[in-house]
Structure formats: C-alpha cells, structure tokens
Amino acid sequence: MDFFDRFAIPNPSPVIYASMVAIGLTVLAIIAGLTHFKKWGYLWREWLTTVDHKRIGVMYLISALLMLFRGGVDAVMLRAQLATPDAKLLDAQHYNEIFSTHGVVMILFMAMPFIIALFNFVVPLQIGARDVAFPRLNALSFWLFFMGAMLFNISFVLGGSPDAGWTSYFPLAGNQFSESVGTNYYMIAIQIAGIGTLMTGVNFMTTILKMRAPGMKLMKMPMFTWSALVANLIIVFAFPVLTVALAMGTMDRLFGTHFFSTDAGGLDMLWANLFWVWGHPEVYILILPAFGIYSEIISTFAKRNLYGYKSMVWSMVVIAGYSFLVWAHHFFTMGQGALTNSIFSITTMAIAVPTGVKIFNWLFTLWRGKIQMTVPMLYSILFIPLFTIGGVTGVMLAMSAADYQYHNTMFLVAHFHNVIIPGVVFAMLAGLTYYWPKMFGFMLNEKIGKWTAWLLSIGFVLAFFPMYITGLDGQARRMYTYSASTGFGPWNMAAFIGALIMAVGFALIVYNIYYSVRYASRDIGSDPWDARTLEWATHTPVPEYNFAITPQIDSIEPFWDAKKNGQELFKGKFEKIHMPNSSGMPFIMGCIFFAWGFSFVFSIWIPLIITTIGIFVCLALRSFEVDHGHYITVDEIEETETKLRGAN
Amino acid sequence: MKIDNSLPLEYSTEENQLKVLGFWIFLGAEVMLFGTLFATFFTLVHRTAGGPTGAELFEITPVLIETFLLLASSFTIGLGIHAMRLGRKNAMLAFFGITLLLGLGFLGVEIFDFVQYVHEGATIQTSGFTSILFSTLGTHGAHVSVGFFWGLFIMLQVKKRGLTPQNANKAFIFSLYWHFLDVVWIFIFSFIYLKGMM
C-alpha cells in the first residue's frame, strides 16, 4: 500500500473531500450525458480533432471561463478568511495553498488562454487569412495548455496543492520547506502548458508576418493584430526562460541538484531572477492584447478611426523592449545594492511614458466621437480611469527607496489587481461581448451586460482600494490572519463585501449566456456593431474557409472604407480552397503529456519512461506522415455562400 | 499546391516558406533557452562548494575532438544541402549520413567525458557549478541526440519518396537546426571549456 500513500492529501479537510465527490460526479455526468445523447462521435470529429482556429479559439475560451470560476472561488475563500480578525475558516496551510493556486490559475490558466482564445478567433479573420500558419501545431498548443491546466487542478484532490505562492520562491519551494508533491505539480503542469504557449507564439508570429491579405502592410494592420504580434514576440523570447527555470526547479526537487538550494553552491536568488525575467514580460503578454482589444472597441463605438495609429504601434514596441529590462523591481528589498535598484527604478518608471501615450490616444479617439455606450464600450470607459490609478500606484512602487515600505504588503496586492482586473479582465470580458456574435451568431443581452460591468467595477473598487490603505499601514500579503488590534478588520470586511459583489457580477455572466442562448435574436447579420475591420466582412457564422475570396486591402480600416466609400474588398471569382485535415494526434499527444506529467509529479519512473518514449514516437509518426490537406471545391463554396447570404 | 519553380525546392510552396520562417522564430526561442543556461552558468561557475572546479575537470583533448567532429558535421550538412539543391539525391544522402555519423561520434566522446567527470567526483548533485555544467552540456547533447533521429528519419523519407518539395523543406530546416547546435557548441567551447581551463 506504500505506493498509494503518495496520492493521499497531506492536509485533508471536508472541503477537499466534497470536491473529490463533486469532480467524480461531474465526470460521470459528462460521460453519461455524452453517451445518452450519442455525442461521442460529434465530440471527436468536430472538436477533439479539429485544427480550425475558430473552434480552437472557442475551446480556449471555455477553458478560460471554467478556470475563471475555479480561481474566483479561491479568491472568495481568501477574502472570507481575512474578512474578520483571527478567523478560523481556513488554517495557515490551506490559506497558503489557496493563494498559490489562485495566482497560478488566474494568470496562467485563465488570463493566458483568454487572450489566446481571442488571438485564435480574431487574428486570422482580421488579416484575411484562412487559418493560422501551422493549424495542427495550434491544436497541439491548445491540448498542451489544457492538459497542463487539468494536471494542475487535480493537485487539489491528489497529493496536495502547491503552497509556495504563485512565484514559488526558493528555498521555500525546495524539498525542505515544501514536502508535499504540490510544488512538483507547479513545476511540471506549468512546464507542459508553457511549451504549448511557446508554440502558440511561434505560430502566431509566422501567421501575422506571412499570411496577411494582399495590400495589408505592417502599418496597415488592425491594432489588435499588432498587439498580438508584439505579445507573441514577447512569448517567444520570455517563455524559454521559464522553461529552463522550471526544469531546474524540478531537478532540484527530484534529482538533488543545487541550482536554488542554500547549500552546496546553490543560489536561491537565481530563481527569483529567472522567474521574473519571464514573469515581468508575462504581464505585458497579458496587457498588450488587452490594449489591442480596447483600441478596436473604442474606435468602433466612438465611430472614429483610432487616434495616433503610429504612436500606438511604437508605444507597444517600446513597452515590449522595456518589459525585459525591469525584472529586478520585484525584489528591490533583497539586497542588490543602490546602483542596481536605481537603474531598475528608472526603467520601470519609464514604462509609464509609452503607456501614458496610449491612454491619451484613447481619450483623443473618444474626443468628439459619436459614442455608443454598448457593453464593450462601457468596459473600455471604466477601464481608462481605473487602470490609470493602478498605473500610478505602479510608479509609486517603482521608486526603490519607497518600496521598502510597500514591499510584500497589501499595497502591492492592490496595485497588481488594479492593473490586471480593469486592464486584462475587463478587456477580455469586453472582447468576449464584442466578438460573441461573430462566434455564436447572437448577441449577449446588453442590459444584463451593463449590470455586470457596473457590479464588477463597484465590487472591484470596494475589494481592492481598502488594501492600499491597510498595505500602507503594514498589513503583509500572504498572512492568513491578523489581530483585531491592528485595525485592519473593517477594511478587510469591506474588501470581502467587494469580492462578493464581484462574484455576483461573474455569476451574471453565466446567467447572461444562458438568457441570451434562450431569448436573443438570431437575425443579427454579419456586422451587428457597424465595425471597421475585416473580421466583420465575412459571414456569421464564419464558414470553415473564413473568406470565399481573399480580400484586397489598401487602408487601415478596410471594411469601414468598403462600407462608406464603396471600395471593393472581394475582387475576382471563387477558386478551390486548400484546407488542412483534422487530426487526432494533438489530442493524443496531449493525453500522453498528461500521463507523463502525472508520473513525473509522483516520481513513478516506469510510466514516465514509457510516456517519454510515447511522445517521441508521436513526433516520429508525424515526421513520416504524408498529409497534403484537402480542397474545398468551387461548387461547395458557392453552395455555402448562397446559404449564408440567405441567412443574413 | 502551387509550386514556384523559380525558388529553391525548400522554398517552393507557400507552406514551405511558412515552415522555414516558423523555424527561424523557433530558433530565436532556442537562443533564449541556451542564453538562460549560459547566464546561469556564469552565475554559478565559481560556486563549487569544495567540489571539483572547471580547471580540475576539463581536459583539452576530448573537447577538441568533440569540437572538430561537430564543426566538420556542420560543413558536411552544408554540402548535403548543396547537393540537394543540385538535385543529387545520392550525394545528399551520403553527406547527411556522414553528418549523422560525426554527430554520433560527438555524442560518444561527450558521454566518455561525462563518465570521466563522474569518476573525478563531479556528479550533477555535487555543487551548483556541476549542476549547471551537466545541465548546459546535457541540454546541448540532448538536442544533438534528437537531431540524430530527426536526421535519420529525413534520410529515410528522402530515400523512399525522393526529393519532393516537402522533403527538401524538412532537410533544409533540419540543416538550420544542426548549424544552430554548432553555434551553441562554439559558445560552450569558448566560454565554458576554454575560459574554465584558464
């Protein structure tokens, strides 16, 4: 029985047992449902084996929403524990596990797939392409991300969750202080998902650089595509650093190496440096596409072209460069000396300049625009002031001398939530609402959507602004409780109420989807927002081949110019279209990677060796496979086009 | 599939062009991967914790042999690609074969070298220095090993299916990979071995 002991939860509690039962029942329900409705074949043919960027985008989206709720439940538990002084809801160990998984899930398994969902769905349509450059690699990226996320999530019920924070600093994350397999999950699940993300980066850079419609020069690309290009460039250069750091962490924990240990020549600060050399660019991987989304939305609903297109592009490129030069600001207090701190202080503050340029460009786009206050626009308008406050507190944190007061306090927690929630989360929800009709053929309810946006904003202010105050007063982050004499109690109660209001807001999103599925009109045409870029120029639902005829571009807003000035986008006649074939291989490889990761986490060596060989066998089979794709004939295109035109 | 005959075979279809660019971008990521390993190496190089130092471990002879074998293989794969562009399938296969044999020789010497290190009391667990030494060399060696099988599979495909645009593309991309490993080795040779022996 010794073998099975390793799977036991080190710190069991009723919540965990309830989760086990819930997970078991959900899996049974899904299997029973698929069998009952005879949907296994459909699931396999249309989704698990698909290489269509639109479907992969939808799968990323569903995963991101699921993870949003997983991470959200974590957040509510954290705030509930801190709501009153000396609370006993969670003990220290559970609190540690929950803030660690909250961070990892929200950044890597919610925000990342959310932006990649939008890359997948939007970018090929915006540049007038038929798919991404490497459709099958794209499917593999998704399955690696998905399996990594699932592996990370089962840590809760098998072997224990990671408990060293989302930054997993050594020596805390080493074997001596983190004995459970939790941190192994961290190292290996993120590794698997990270490899998928790296492949996404390669794929989208190639797609954007090589597959744009004729006439779309780089400086004529839509702003979201630009942001995707820059973000993927950062992915390609930042993620390998994480790959190496995680591999070293894994080896330290499982093979007794001395990279980050405090004895035998290891250097614990090396982890902090490597982590943030990846980690800081990572936050720009998240925020730049968010800026791209806001640019699209603000321009669409102000009915004006985006102010300062060139400066928007250049500010993103400059931010991308700076993102690699600021990592040490995450540990100003850890003793690297005044000169180093000063340099990193200055580079950090300098980022505020290009970001400020973007804020002013959005304001100037709004200036004298005919503003339509739709839900996506409402999120964008709320974003500008809230995000600016987060940015200003960021500049406060950037001052290294003052940082000794803020470091590791709730002030920092308030700051980064203040940029991530109004910045990234609002952008994703705005993007979701904006692109929903293109994805699914109906709009989300505007009224419920506005309630959601306001609840989230009010809840956000109530939840996080008190932390600025308690943080300056010295409330440390990651402490599971505090005494009443500190006076933090009322502020934390306010934050808990704010968190509950946000929870209601997120629940409303689910209700909105349900409501709109039932009641929304399906007769919305292909351009319900009166938008400006190419993705709205094709039909809804988007046919498999995206555009029957490749569009010809000669402006930044080709679709708008086509509508207003009568420029012709689609010249010529139908020709047969080459499309990639579906393949089960990415899904199968994902499953093997899951088994590989699971064996690795629990140090079960024989399955580890077998699955490693399995991965290489898959790669070899791929090398020998002949797959020329297939053609869609002119007759089929005509049939589809006639049908879709009729539907509109 | 449209084939543009004015371009070399490996660039002749749109898909081929995408793959070449995609692989260059992937090599950019590989530069960062090895860059991180080198940065870590320079950080930990003097942290030997009483274990062997580089000066005590490194022998010039096996390292020179490795260098010679790998540089020669980079030259022969260049000849292989040249032969491919001239459409000389057998010559190409011969040069690819020589390349892979040289790679195998390199791996043999590297393993021999590793065994020597272990005999002298330097394992991956000895110190911060040996951990990163074995990891950097091992990552490069693992790349060469993967490259060996990859190259072998491409040879089998060229033999079976001839010099098609797909195969030419695969062979060309493989040659980029192989040259890249050579570049990495030059850095290993200069900054890990030579600097370590001084």
Side-chain angles (χ1 to χ4, degrees), chain A residues 132-134 137 195 198-199 201-207 209-211 232-233 235-245 247-248 251-252 255-267 269-271 273-274 277-278 324 578 580 616 619-629 631, chain B residues 1-2 13-15 17-40 43-51 123-132 134-136 138-139 145-146 149-154 156-157 160-161 164 166-167 170 174:
Chain A
V132 294
F134 312 114
L137 187 68
I195 294 168
L198 179 59
M199 294 301 128
V202 173
N203 208 340
F204 275 86
M205 273 193 76
T206 314
T207 306
L209 289 175
K210 288 287 266 191
M211 294 175 72
N232 282 296
L233 180 80
I235 288 178
V236 167
F237 286 101
F239 267 75
V241 182
L242 179 71
T243 304
V244 173
M248 289 172 176
M251 284 163 67
D252 263 15
F255 305 134
T257 53
H258 292 285
F259 291 107
F260 311 126
S261 61
T262 43
D263 60 340
L267 183 59
M269 280 309 292
L270 183 61
W271 168 270
N273 278 280
L274 291 179
V277 169
W278 162 77
F324 283 91
H578 182 244
F616 282 104
L619 292 174
L621 286 174
R622 172 63 177 143
S623 173
F624 280 100
E625 189 181 348
V626 180
D627 178 7
H628 293 303
Y631 282 97
Chain B
M1 194 109 12
K2 283 188 209 108
T13 68
E14 195 198 331
E15 208 178 313
Q17 293 173 22
L18 290 176
K19 284 182 176 165
V20 173
L21 177 70
F23 198 78
W24 273 111
I25 295 170
F26 175 73
L27 285 183
E30 288 273 68
V31 168
M32 285 304 290
L33 183 108
F34 281 101
T36 311
L37 287 168
F38 277 110
T40 307
T43 310
L44 297 180
V45 64
H46 298 301
R47 297 180 156 259
T48 52
T123 71
I124 198 165
Q125 299 174 334
T126 306
S127 67
F129 164 68
T130 60
S131 292
I132 188 59
F134 280 106
S135 299
T136 310
T139 306
S145 311
V146 169
F149 287 103
W150 186 11
L152 193 66
F153 295 159
I154 289 169
L156 290 174
Q157 289 173 50
K160 205 165 113 195
R161 301 179 193 141
T164 61
Q166 286 79 23
N167 283 342
K170 287 178 187 180
F174 172 70

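Side chains included, hydrogens not; waters and symmetry mates left out as well; all remaining heavy atoms used. In what follows, chains carry the letters A, B, and so on, assigned in the order in which the sequence lines appear, proteins first and then strands, with residues in each chain numbered from 1.
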Side chain, backbone, both or neither: which part of [X] has a heavy atom under 4.5 Å from chain B?
{"X": "A:Phe239", "value": "neither"}
{"X": "A:Ser623", "value": "both"}
{"X": "A:Phe134", "value": "side chain"}

Which donor-acceptor pairs under 3.5 Å do the side chains of residues 25-40 of chain B make with protein atoms, sequence neighbours left out?
unit_1  : atom_1 : unit_2   : atom_2 : d
B:Glu30 : OE1    : B:His143 : NE2    : 3.3
B:Glu30 : OE2    : B:His143 : NE2    : 2.7
B:Thr36 : OG1    : B:Met32  : O      : 2.7
B:Thr40 : OG1    : B:Thr36  : O      : 2.8

Please classify the contact of [X] with chain A as side chain, backbone, both or neither, using a heavy-atom distance under 4.5 Å.
{"X": "B:Thr123", "result": "neither"}
{"X": "B:Lys19", "result": "both"}
{"X": "B:Leu44", "result": "side chain"}
{"X": "B:Ser135", "result": "side chain"}

Between A:Val236, A:Val277, A:Leu267, which residue shows the highest count of heavy-atom pairs closer than 4.5 Å to chain B?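 Most heavy-atom pairs within the cutoff with chain B belong to A:Leu267.
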Within the 4.5 Å heavy-atom criterion, are [X] and [Y] side-chain neighbours or not?
{"X": "A:Phe616", "Y": "B:Val146", "answer": "yes"}
{"X": "A:Lys210", "Y": "B:Glu14", "answer": "no"}
{"X": "A:Met248", "Y": "B:Ile132", "answer": "yes"}
{"X": "B:Leu156", "Y": "A:Phe624", "answer": "yes"}

Taking B:Gly50, B:Gly51, B:Ala49, B:Gly128 one by one, which has the highest count of heavy-atom pairs under 4.5 Å against chain A?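 Option with the top pair count is B:Gly128.
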Could you go through residues 255-266 of chain A and list every donor-acceptor pair under 3.5 Å that involves a side-chain atom there, pairing it with any protein atom two or more places apart or in another chain?
unit_1   : atom_1 : unit_2   : atom_2 : d
A:Thr257 : OG1    : A:Met251 : O      : 3.3
A:Thr257 : OG1    : A:Asp252 : N      : 3.1
A:Thr257 : OG1    : A:Asp252 : OD1    : 2.6
A:His258 : ND1    : A:Ser261 : OG     : 3.0
A:His258 : NE2    : B:Gln125 : O      : 3.1
A:Ser261 : OG     : A:Asp263 : O      : 3.0
A:Ser261 : OG     : A:Asp263 : OD1    : 3.3

Can you tell me how far the CG atom of A:Leu619 sits from the CZ atom of B:Phe153, to the nearest 0.5 Å?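 Reported value, rounded in 0.5 Å steps: 9.5 Å.
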